[in-house]
Amino acid sequence: MPEGPSIVIMREAVEALHLKGKEVLHVAGNAKIDKERLRHQKVKAVRSWGKHFLLCFKDLTLRVHLLMFGSYRINERKDTTPRLSLGFKDAELNFYTCSVKLLDGDVNDHYDWSRDIMSEQWDPAQALKHLKEHPDMLACDALLDQDIFAGSGNIIKNEVLFITRIHPQSVIGKIPQARLKAMIKEVRDYSFKFLEWKKALRLKQHWLAYTKTTCPRCHIPFKKQQLGKTKRRSFFCDNCQKLYA
DNA sequence: TCTCATGTTTAGGT
DNA sequence: GACCTAAACATGAG
């Protein structure tokens, strides 16, 4: 479920309920937060930042992170106890196996929207600056760093590196600036393609590298290794992806 | 049946 | 404090 584009789908689905101004009438679930604080709050905005789904109230924001296996239901329930359930007059939101947190005060004080790869405020120049602040970082780690590319996950990482022909173990400080810019641009572009494919239930069939065993360009076997500090699966072609080191 | 993974936080060690 | 590792969470695809 949970890379940035999937959270955008979730946000759009909740926005379609037109909850703005609606009051939380019922709260339940096994989340270890002070759920009573949410009761009688009126929704001010439905937002998202990277992999975070945000329901904003006056001076209080509910943050839901689906982690690896989280799920949600709108006006439906699963058989298991929800982590959090919010009941409105004509709608119900249920969140399962996720991380839930309450953020105090103005939500804008918690988030830099320009770091969200799906945001209208996404700023590629800032991303370049952030990358340059970490010259020793490996490309495979940079593309998972939520402080630089909020919303990018392991699928986006693998696809972007393959498309831009950058080896996952490339050192950020050794990658020519033009290549870095191309990588940053592709994160954004790929995320919106991801969004459309996911909506069409056609995401998997567009994967070029992720979970693949053979390079679609030169047809030699892909390498599959857990790379970088993040030790996440990387699928790559030694032949087609240039190692800057 | 079993393994593993679109993710992050936290606790503990050096 | 920096840095690392493992555990915890707990679902569902293959």
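Order of the sequence lines fixes the chain letters, A, B, ..., with proteins taken first and strands second; residue numbering starts at 1 for each chain. In what follows, every heavy atom counts, from backbone to side chain, and hydrogens, waters and symmetry copies are set aside.
For the residue pair K223(A) and S234(A), no side-chain donor N or O sits within less than 3.5 Å of a side-chain acceptor on the partner.
In this structure, K193(A) pairs ionically with E186(A), as a charged nitrogen and a carboxylate oxygen lie closer than 4.0 Å. Ion pairing between a basic and an acidic side chain is recognised when a charged N comes within 4.0 Å of a carboxylate O; D189(A) and K185(A) show such pairing.
Regarding I7(A), its CD1 atom lies at a distance of 10 Å from the C1' atom of dT6(B), rounded to whole Å. The separation between D141(A) atom CG and dC3(C) atom P is 14 Å, rounded to whole Å.
Aromatic ring centres of Y72(A) and F95(A): separated by at least 6.0 Å.
Nucleotides dT6(B) and dC4(C) place their C1' atoms 25 Å apart, quoted to the nearest Å. As rounded to the nearest Å, dT1(B) and dC9(C) have C1' atoms that lie 22 Å from one another.
Candidate nucleotides dT8(B), dT6(B), dA5(B) were compared by shortest atom distance to the side chain of K224(A), and dA5(B) ranks first. Closest to the side chain of K229(A), from the set dT8(B), dT6(B), dC4(C), is dC4(C).
Classification of the H52(A)-Y111(A) ring pair by plane angle, with boundaries at 30° and 60°, yields perpendicular.
Backbone-only engagement by Y210(A) is indicated by non-hydrogen atom pairs under 4.0 Å involving sugar-phosphate atoms exclusively. K157(A) comes within 4.0 angstrom of no nucleic acid atom, judged by non-hydrogen atoms across all strands.
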Summary of protein contacts for nucleotides 6-14 of chain C, nucleotide by nucleotide, where a base hit scores B, a sugar-phosphate-only hit scores S (4.0 Å, heavy atoms): ----BBSSS
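If you check dA10(C) for Watson-Crick or wobble pairing at under 3.5 angstrom, you find it has no partner at all.
C98(A) approaches V64(A) most closely through the heavy-atom pair SG-CG1, 3.8 Å.
Within the structure, a side-chain polar atom (N or O) of R233(A) is placed less than 4.0 Å from OP1 or OP2 of dT6(B).
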